[in-house]
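Here's the structure we're looking at; comments come further down.
Quantities reported herein were computed from a predicted structural model and do not represent experimental measurements.
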Amino acid sequence: MEPQARRAGRPPQDAARRLERAHRILDIAGDLILRWGYDKTTIDDIARRAGVAKGTIYLHWRTREELFAALLRRERVEMLSQVRLRVAEGPGTLRDLLGLLASELLRRPLMRASLLGDSKVLGKLTRLKRSSGAADLPTGFETYLGALLRLGALRADLTPAEHVVALASVLYGFLLVPQMMPEGYALPDERLAELLADAGSRAVAAGGPVPAGNARAISRATLEFADLAVETAQRKLRASLGSEEPGKPEKSGTSGASGKSVTGPEKSATSLEENAT
């Protein structure tokens, strides 16, 4: 019997082709949103630029908000995967982690816009962000800080909540304040990331040297947190791309947003992509 022809408009049965098409659509969506902003970017615009029918996009995502959530999740995977690769190079201190996260955030306009609620880029989605309440912490972050505390790397006179508040305040402050400063005070992104890492680590780090023999354990704890962050982000991305059902157990190993292997990383820290879906 001849195989039944695929009905027009249905997604390709080949999973790899379907995933490739989804990533091509996200590439176009990201370019248009950064150029025009979310409010002015329509599904029609994205479909026309991607060379697909409008209905094809709806086969991947039910709404424009879901498409944008997938875009942010992919950005998160790519960002965290790069952080994880560099954390593995050592020495893997909290200061290293903060500097790497800041550096990657600063060079990714969509991630920066999401974190800061940039209305020029996000448009009406900023209202969704503001109404969503407090953002949850990245998966495993409190556990990571607890490990650093036990290893003598964090101030024992601060509560877990105070550690988190201090670090979040430094992060948001260093990302927000440069936009308010006179032009002559502009700093290169890499220098800003260095200053952020220094200020964050000074705010919460133990005053004396780390106990002898604990440096390796601290590095391992940092790498384990990065691994978990990447794995969590990948699972959420696969759910957004339809390549994994939400809640399906994570497979061992890590891979990049395109499915290629990388060395190895909620509502999320910004929580916007969670609310969009």
List the atom pairs, donor and acceptor, that lie under 3.5 Å between side-chain atoms in residues 142-155 and the rest of the protein, sequence neighbours left out.
from	atom 1	to	atom 2	distance (Å)
Y144	OH	T222	OG1	2.9
R150	NH1	G146	O	3.4
R155	NE	D157	OD1	3.0
R155	NH1	A203	O	3.0
R155	NH2	D157	OD2	2.8

Hey, does [Y] have a side-chain heavy atom less than 4.5 Å from the side chain of [X]?
X: R84; Y: L223; answer: yes
X: F174; Y: L187; answer: no
X: L105; Y: M79; answer: yes
X: L80; Y: E104; answer: no
X: T93; Y: D96; answer: yes
X: W61; Y: I43; answer: no

Query raised in the report: Thinking salt bridges, do D27 and R74 make one under a 4.0 Å N-O criterion?
Result: yes
Requested in this report: List the steps, then state whether side-chain contact (heavy atoms from CB on, under 4.5 Å) holds for F68 with T41.
Outcome: CA-CA 11 Å; F68 187 67; T41 301; over 6 Å; no
Report task. Would you confirm whether S219, through its side chain, and A215, through its main-chain N or O, come within 3.5 Å as a donor-acceptor pair? Result -> no
By salt bridge (charged side-chain N to carboxylate O under 4.0 Å, His left out) - contacts of [X] (at least two apart):
X: R49; result: none
X: R112; result: D189
X: R191; result: E194
X: K54; result: D44

How many angstroms lie between [atom1] in [X] and [atom2] in [Y], if you round to the nearest 0.5 Å?
X: T42; Y: I57; atom1: OG1; atom2: CD1; result: 9.0 Å
X: I25; Y: L59; atom1: CD1; atom2: CG; result: 9.0 Å
X: R95; Y: D198; atom1: CZ; atom2: CG; result: 4.0 Å
X: T56; Y: R18; atom1: OG1; atom2: CZ; result: 10.0 Å
X: L101; Y: L171; atom1: CG; atom2: CG; result: 8.5 Å
X: L72; Y: L115; atom1: CG; atom2: CG; result: 11.0 Å

Query raised in the report: Given the rule in the side-chain contact (heavy atoms from CB on, under 4.5 Å) test, do H23 and L241 qualify, once you have shown the distances and angles that lead to the verdict?
Result: CA-CA 9 Å; H23 281 296; L241 295 176; 3.7 Å; yes
Where is the tightest heavy-atom contact between [X] and [Y], given as atom of each residue plus distance?
X: R73; Y: K236; result: NH1-O, 3.3 Å
X: A166; Y: V204; result: CB-CG1, 3.9 Å
X: G123; Y: D39; result: CA-OD2, 3.3 Å
X: A193; Y: S103; result: CB-N, 3.7 Å
X: R24; Y: A50; result: NE-O, 3.6 Å
X: L71; Y: A29; result: CD2-C, 4.2 Å

Requested in this report: Check the surroundings of atom CZ in R64: do more than 12 heavy atoms from other residues, nucleotides or ligands lie under 6.0 Å from it?
Outcome: yes
Query - Residue R216 excluded, over 12 heavy atoms near CZ under 6.0 Å - result: no
Query raised in the report: For D118, what residues pass the side chain to side chain donor-acceptor pair (under 3.5 Å) criterion, not counting sequence neighbours?
Result: none
If Ile, Leu, Val, Met, Phe, Trp and Tyr residues are connected whenever their side-chain heavy atoms lie under 4.5 Å apart, and connections chain through other members, are [X] and [Y] in the same group?
X: Y172; Y: L106; result: yes
X: L176; Y: M111; result: yes
X: M180; Y: L192; result: yes
X: L167; Y: V165; result: no
X: L175; Y: V177; result: no

Query raised in the report: S240 and E66: side-chain donor and acceptor closer than 3.5 Å?
Result: no
